[in-house]
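Accompanying notes for the structure given below.
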Amino acid sequence: MPAQLAPRLRVVVADDHDSIRENLRYLLNSESDLECVDTVKDPVRCVDICLEIGPDVLVYTFELDACNEASAAGVLACVAKDGPYELLLHAIRAARPQPLPV
């Protein structure tokens, strides 16, 4: 019997640059365990879409203040845009909710 596959992590990409949003959507969707469920351009829309669809993760920014605010709000990881893509993937995967012990 095949093992139960873990559900894909649902990610929202928020960035004010169209090309960055679309590149991240493409890159994330190319990973078998990740799914970009939406992209947004501005912070207000980001909050709205997060409340609407409840993604699992993503804060990815140049702004240290945004990381600090996100951490205070309970975000598990914040990745700087100038870091390598592998660091972003690692941070997203590390935020995967863990099953409760039985």
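The first residue of the sequence shown is numbered 1, and numbering continues consecutively from there.
- Side-chain atoms of Tyr85 and Asn23, non-hydrogen and from C-beta on, never get closer than 4.5 Å to each other.
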**Prompt:** Would Glu35 and Leu9 count as a side chain to side chain contact (heavy atoms under 4.5 Å, CB included) if you check the C-alpha gap in whole Å, the side-chain angles of each, and the deciding distance to 0.1 Å?
**Reply:** CA-CA 6 Å; Glu35 175 186 9; Leu9 279 173; over 6 Å; no
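- Remark: the backbone N or O of Asp33 is not paired with any side-chain donor or acceptor of Arg8 at under 3.5 angstrom.
- Between Leu89 and Leu34, the closest side-chain pair of non-hydrogen atoms falls below 4.5 Å.
- For the pair Val12 and Ile53, the minimum side-chain heavy-atom distance is below 4.5 Å.
- Val11 is not listed as a side-chain neighbour of Pro55, based on a closest heavy-atom distance of 4.5 Å or more.
- Side-chain N or O atoms of Arg21 include none that pairs as donor or acceptor with a backbone N or O of Val13 at under 3.5 Å.
- Glu31 is linked by a salt bridge (Lys or Arg N to Asp or Glu O under 4.0 Å) to Arg93, counting only residues two or more places apart in sequence or in another chain.
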**Item:** Verdict with supporting geometry, Leu24 and Asp15, side chain to side chain contact (heavy atoms under 4.5 Å, CB included)
**Value:** CA-CA 10 Å; Leu24 281 173; Asp15 196 280; 5.9 Å; no
Donor-acceptor contacts under 3.5 Å from residues 37-48 side chains, at least two apart:
unit_1: Thr39; atom_1: OG1; unit_2: Arg25; atom_2: NH2; d: 3.1
unit_1: Asp42; atom_1: OD1; unit_2: Val44; atom_2: N; d: 3.1
unit_1: Asp42; atom_1: OD1; unit_2: Arg45; atom_2: N; d: 2.8

